[in-house]
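Okay, so here's the structure we're looking at.
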2 protein chains.
Amino acid sequence: MEAASGSTSISSDRLARLTGHTAAQVRRDLAYFGNFGKRGVGYSVADLSNQLGSIVGIDHNWNMALIGVGNLGKALLAYRGFEQRGFKIVGAYDNDARKIGSTVSDLTVEPLSKLSGSVKKLDVQLAIIATSAESAQEVLDLSINCGIMAVLNFAPVRLTAPEEVQIANVDLTVEVEYLSYWLTRK
Amino acid sequence: MEAASGSTSISSDRLARLTGHTAAQVRRDLAYFGNFGKRGVGYSVADLSNQLGSIVGIDHNWNMALIGVGNLGKALLAYRGFEQRGFKIVGAYDNDARKIGSTVSDLTVEPLSKLSGSVKKLDVQLAIIATSAESAQEVLDLSINCGIMAVLNFAPVRLTAPEEVQIANVDLTVEVEYLSYWLTRK
DNA sequence: GGGTGTGAAACTCTTCACAGCG
DNA sequence: CGCTGTGAAGAGTTTCACACCC
């Protein structure tokens with residue numbers, strides 16, 4: 001029991017413990033993608049890594065444009081998590097003259113007018129909107145015009161876009177409200 | 001149709017349009033908290049606001065401590081959304097000597113050693129961890145020692161805490177991976 | 001024995017559709 | 001008539017439990 005961390009296999013039970021799910025859940029989810037677990041042994045760590053990598057798109061290496069270089073934008077540029085999982089921020093854009101030309105995390109901030117060209121040149125598929133709520137919709141429209149089909153939105157507004165463009169909203173208050181709810185029930 | 005925005009009532013249908021859900025969903029969710037809708041009319045905007053406010057805890061006005069004043073921490077301090085919904089950041093903490101004493105969004109950054117005292121003095125119930133992944137667990141343990149029972153974690157690590165402490169994790173990569181998945185299926 | 005993969009049961013969430021109230 | 005509240009159906013998810021393979 002409690003195999004060394006250098007072990008070549010891992011059981012659904014242990015995966016469950018690590019990810020905060022149940023063993024049955026892990027098994028069902030993994031079985032959905034085909035059965036690459038060995039009975040009596042577990043899942044080969046190497047296989048798991050490969051399989052999940054290709055499913056989730058790590059083999060694709062997406063390029064992202066960050067729009068809005070405020071504190072949040074800077075935090076996202078510095079955030080290591082994206083790159084680790086195959087998402088790379090290749091351009092930073094802002095319309096604030098004081099920011100344009102400055103360097104943040106190895107990227108030079110460019111005016112929004114440069115976005116269109118960069119999308120083609122740098123092969124950008126994804127935009128991150130980290131602007132104020134007021135500018136967000138305008139920035140989204142522009143991004144779509146530039147050919148971007150998927151957007152991660154941090155601005156606290158509900159944006160409207162055509163069906164074929166996918167928007168994921170990150171609302172920081174949702175989690176806090178959950179905690180609040182929990183605290184009052186205690 | 002399309003009542004003026006000064007209207008005193010709003011229908012489930014319109015709420016659905018605004019929030020991106022279905023009318024049935026809205027009705028069921030609201031009915032769960034007791035029936036304060038009027039048939040043939042809709043929901044009184046004033047009632048809605050009161051009811052939801054008390055459910056979600058806006059009447060409680062929670063005080064939060066922010067730990068880790070990097071770019072992300074600064075972004076959270078500047079973020080208006082929290083205060084709007086009754087969450088107030090009343091203290092900012094960091095162990096970086098260069099940051100201690102500086103002022104960010106009207107708060108003076110204090111060393112972590114001051115946390116314990118502040119929790120009591122400022123009546124803090126909630127901590128936000130915006131430190132590096134390496135420091136996060138240590139900071140969490142300290143927070144719990146100070147009597148904090150609910151934590152919002154932005155560090156990209158899975159933290160361990162006793163059952164009675166509630167942790168909400170914000171993982172910025174989850175949403176991007178969803179977009180990635182969607183892009184590959186297109 | 002150990003641990004996967006999977007039917008079946010239990011549960012939760014969503015949608016439909018309509019009775020009934022204002 | 002318009003719109004809520006809700007039973008009932010449907011869809012999706014989680015859990016149980018066990019046959020089966022290594």
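In what follows, chains are A, B, ... by sequence order, proteins preceding strands, each numbered from 1. No experiment lies behind these values; they were computed from the predicted model shown.
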Requested in this report: Starting at OG of Ser180(B), measure out to CD of Gln125(A) and round the result to the nearest 0.5 Å.
Outcome: 9.5 Å
Report summary line: With a 4.0 Å cut-off (strictly under) to non-hydrogen atoms of chain B, the first and last hit nts on DNA chain C, 5' to 3', are dT14(C) to dG22(C)
Query raised in the report: Has the side chain of Asn153(B) got a donor or acceptor atom that lies under 3.5 Å from a matching backbone atom of Val157(B)?
Result: yes
Query - Spacing of Lys38(B) atom NZ and Asp47(B) atom CG [to the nearest 0.5 Å] - result: 6.0 Å
Query raised in the report: What residue pairs, at least two apart or across chains, pass side-chain hydrogen bond (donor to acceptor under 3.5 Å, both in side chains) with a residue in residues 20-35 of chain B?
Result: Ser12(B)-Arg27(B), Thr19(B)-His21(B)
Requested in this report: Please step through side-chain contact (heavy atoms from CB on, under 4.5 Å) for the pair Leu66(B) and Leu107(B), ending with a clear verdict.
Outcome: CA-CA 10 Å; Leu66(B) 174 81; Leu107(B) 282 178; over 6 Å; no
Query raised in the report: Going from OG1 on Thr131(A) to CG on Asp94(A), what distance comes out if it is rounded to the nearest 0.5 angstrom?
Result: 9.0 Å
**Report entry** Results of side chain to side chain donor-acceptor pair (under 3.5 Å) for Ser118(A) - residues two or more places apart only
**Finding:** Tyr93(A)
Report task. Please list, in 5' to 3' order, the outermost nucleotides of DNA chain D lying under 4.0 Å from any heavy atom of chain A. Result -> dT14(D) to dC22(D)
Report summary line: Residue pair Gln25(A)/Ile10(B) against DNA chain D: nearer the 5' end by closest nucleotide is Ile10(B)
Report task. Output the distance between atom OH (Tyr79(A)) and atom CG (Leu72(B)), rounded to the nearest 0.5 Å. Result -> 9.5 Å
Query raised in the report: Under 3.5 Å, is there a donor-acceptor pair between the side chain of Asn63(B) and the main chain of Leu122(B)?
Result: yes
Query - Sub-4.0 Å heavy-atom contacts from residues 28-43 of chain B onto DNA chain C, ordered by number - result: Arg28(B), Arg39(B)
Considering only distance and modelled atom types, tabulate donor-acceptor pairs under 3.5 Å from the side chains of residues 134-152 of chain B, sequence neighbours left out.
from      : atom 1 : to        : atom 2 : distance (Å)
Glu134(B) : OE1    : Ser132(B) : OG     : 3.3
Ser135(B) : OG     : Ser132(B) : OG     : 3.1
Gln137(B) : OE1    : Thr160(B) : N      : 3.1
Gln137(B) : NE2    : Asp141(B) : OD1    : 3.0
Gln137(B) : NE2    : Thr160(B) : O      : 3.0
Ser143(B) : OG     : Val139(B) : O      : 2.8

